[in-house]
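Working notes for the structure below.
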Protein chains: 2
Amino acid sequence: MIQHLISFLDSYSPLSREEKEYLEAHIPIQSFSKNEFLLKQDEISNRFFFIINGCARMFYTVDGMEKTAFFYMEKDFVSAYERFTKQVPSKHSIQTIEKSTVAIISVETAQNLLQRFPKFEYLARVMMENELIIYQNIISSFITQNAEQRYLHLLKHRPDIIQRIPQYHLATYVGVSPETLSRIRKRILMA
Amino acid sequence: MIQHLISFLDSYSPLSREEKEYLEAHIPIQSFSKNEFLLKQDEISNRFFFIINGCARMFYTVDGMEKTAFFYMEKDFVSAYERFTKQVPSKHSIQTIEKSTVAIISVETAQNLLQRFPKFEYLARVMMENELIIYQNIISSFITQNAEQRYLHLLKHRPDIIQRIPQYHLATYVGVSPETLSRIRKRILMA
DNA sequence: AGCATTTATTGACGATCGTCAATGATATTT
DNA sequence: AAATATCATTGACGATCGTCAATAAATGCT
């Protein structure tokens, strides 16, 4: 299963045999059933993840309600927020949505990779740039779009998410209650 | 004036004489009066900025209304969105709020710095990490806080912004119309 | 200082959303 | 297949916000 991660990284910058072997030796794969937590709010995380198959969501708990901020699918890195700075209790949770298999990268392993293989400095930067762009687009969408527009955007550009994710998670993701997402969907069908 | 940028970078990682001289030689400083544009929507940007003094805002124009997303003050880098990928027309504008003096870094100069001096690879990564954390916090605040909470957060943590920025920009920044920010302020005073 | 322009406040009103509750549909379990 | 739990839809209602318009306050200009 680690091959999925290796070939993903390999597609950005071909890896040497040594690098591949290091990854195989130091990155464990773990299976999670549906609704398991990869990270719970207030925990201090010392690892991050790469989704090999299945999917997960990141969410905040606000006044007892769960508001999901991201979905992670196959080939996505599940970033540990603030992983670049000091270790602090997490403000969010990460939970599988389906049965999933996940590569687990500890902070220690990540640091070793960076020190040992210069190529991983490059890879880390590319991954970070990708993440930056994703964040920029999310911020932009919060500012320039309403819930209906965000849902339409998902319909058009991420039909996989619409398919796989329960509607009440999509609702909080686009920023409304499940009831009004239902009404938005009705409005869309009417038009 | 370039000294402001040099000593800012120097505080992260001391710069050699050669590096300093390269910055002096290749990074122009420019003065802008109030309300001048550093970047206009739909323009293709080939440079980014560092605020030496004054301040600026980044905003989206949505249905003819300007919604400001960020404020940049002294010692802030004004990032060109998507600067890491291909050059595309900008979806936002950047405009000074006060008379400001600004260091202008062209993409070409940035690339030369990265190639010539390894230290700038490190600096670029640190700046990018800082930016990531800022974005993460902004996304988190959009999801977990309402306009009043965001305004209170500014009051507590960024009194400088409250002081310097016109209230109608603060309003769109926290996500409401100027009228309702006025009412939020009234509510706060009552309590 | 006085005038003009810009910005902030206040009021009224309509539209939209969240909440609560009930019903209907779909999955899951036994 | 029936029973149960989970999820989606619909209706009613109150609260909040955006808009428009008017006024007040603050700022900039000569």
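All values derive from a computational prediction rather than experimental measurement. Lettering follows sequence order; numbering is per chain, from 1.
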Inset, instruction - Return the value, rounded to whole Å, for the distance between atom CZ of A/Arg185 and atom P of C/dG24. - result: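 Nearest whole value for this atom pair: 19 Å.
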Legend entry - Atom pair distance, as rounded to whole Å: OH in B/Tyr168 and C1' in C/dT5: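 Spelled out: OH on B/Tyr168 to C1' on C/dT5 is 12 Å.
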Inset, instruction - Could you tell me whether A/Lys99 and A/Glu36 have a side-chain N and a carboxylate O separated by less than 4.0 Å? - result: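 Salt bridge flag = no for A/Glu36 with A/Lys99.
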Inset, instruction - Salt-bridge test for A/Glu24 and A/Lys20: reply yes if a basic N is under 4.0 Å from a carboxylate O, no otherwise. - result: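 Looking at A/Lys20 together with A/Glu24, the answer is no, because their closest N to O distance does not fall below 4.0 Å.
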Inset, instruction - Establish whether A/Met58 and A/Leu39 are linked, either directly or via other cluster members, by ILVMFWY side-chain heavy-atom contacts under 4.5 Å. - result: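 A/Met58 clusters together with A/Leu39.
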Inset, instruction - Enumerate the residues from residues 173-181 of chain A whose closest heavy atom to DNA chain D is under 4.0 Å, giving them by residue number; use none for an empty result. - result: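 Under 4.0 Å from DNA chain D: A/Glu179.
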Legend entry - Members of residues 156-167 of chain A that approach DNA chain D, where some heavy atom sits under 4.0 Å away: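 Going residue by residue through residues 156-167 of chain A, the ones with a heavy atom under 4.0 Å of DNA chain D turn out to be A/Pro166, A/Gln167.
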Inset, instruction - Please figure out whether B/His169 or B/Arg183 has its closest DNA chain C nucleotide nearer the 5' end. - result: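 Nearest-nucleotide comparison on DNA chain C picks B/His169.
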Legend entry - Between B/Ser16 and B/Glu19, a side-chain donor and acceptor under 3.5 Å: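 Yes, side-chain donor-acceptor contact under 3.5 Å.
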Legend entry - Pair A/Gln41, A/Thr61: side-chain N/O donor-acceptor within cut-off below 3.5 Å: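 A donor-acceptor contact under 3.5 Å links the two side chains.
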Inset, instruction - Give the other cluster members for A/Leu170, using side-chain heavy-atom distances under 4.5 Å between Ile, Leu, Val, Met, Phe, Trp and Tyr residues; answer none if it is isolated. - result: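 Under the 4.5 Å side-chain rule, A/Leu170 groups with A/Phe71, A/Met73, A/Ile97, A/Tyr151, A/Leu152, A/Leu154, A/Leu155, A/Ile161, A/Ile162, A/Ile165, A/Tyr173, A/Val174, A/Val176, A/Leu181, A/Ile184, A/Ile188.
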Could you list all N or O pairs between the protein and nucleotides 26-30 of chain C that sit under 3.5 Å apart?
none

Whether the side chain of [X] engages the backbone of [Y] through a donor-acceptor N/O pair (distance < 3.5 Å, no angle test) should be reported.
{"X": "B/Gln95", "Y": "B/Asn35", "answer": "yes"}
{"X": "B/Arg116", "Y": "B/Tyr22", "answer": "no"}
{"X": "B/Glu121", "Y": "B/Pro118", "answer": "no"}
{"X": "B/Gln145", "Y": "B/Phe142", "answer": "no"}
{"X": "B/His26", "Y": "B/Leu23", "answer": "no"}

Legend entry - Positional range of nucleotides in DNA chain D within the contact set of chain A, heavy-atom, under 4.0 Å: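 Here the contact window of chain A covers D/dC7 to D/dA12.
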Legend entry - Five-pair end axes of the helix from C/dA1-D/dT30 to C/dT30-D/dA1 and the angle they enclose, rounded to 10°: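 The end-segment axes of the helix from C/dA1-D/dT30 to C/dT30-D/dA1 are tilted 60° relative to each other.
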Legend entry - Aromatic ring pairing A/His92/A/Tyr60, orientation class (parallel under 30°, perpendicular over 60°, tilted between):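 Because their plane-to-plane angle is over 60°, the rings of A/His92 and A/Tyr60 count as perpendicular.
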Legend entry - Check: A/Tyr12 ring centre within less than 6.0 Å of A/Tyr122 ring centre: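 Ring centroids of A/Tyr12 and A/Tyr122 are no less than 6.0 Å from each other.
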Inset, instruction - Tell me whether the centres of the aromatic rings in B/Phe70 and B/Tyr135 are closer together than 6.0 Å. - result: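 Between B/Phe70 and B/Tyr135, the centre distance is under 6.0 Å.
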Inset, instruction - Kindly indicate whether the side chain of A/Thr96, heavy atoms from C-beta on, has any atom under 4.5 Å from the side chain of A/Tyr72. - result: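 In short, these two side chains do not touch, never coming nearer than 4.5 Å.
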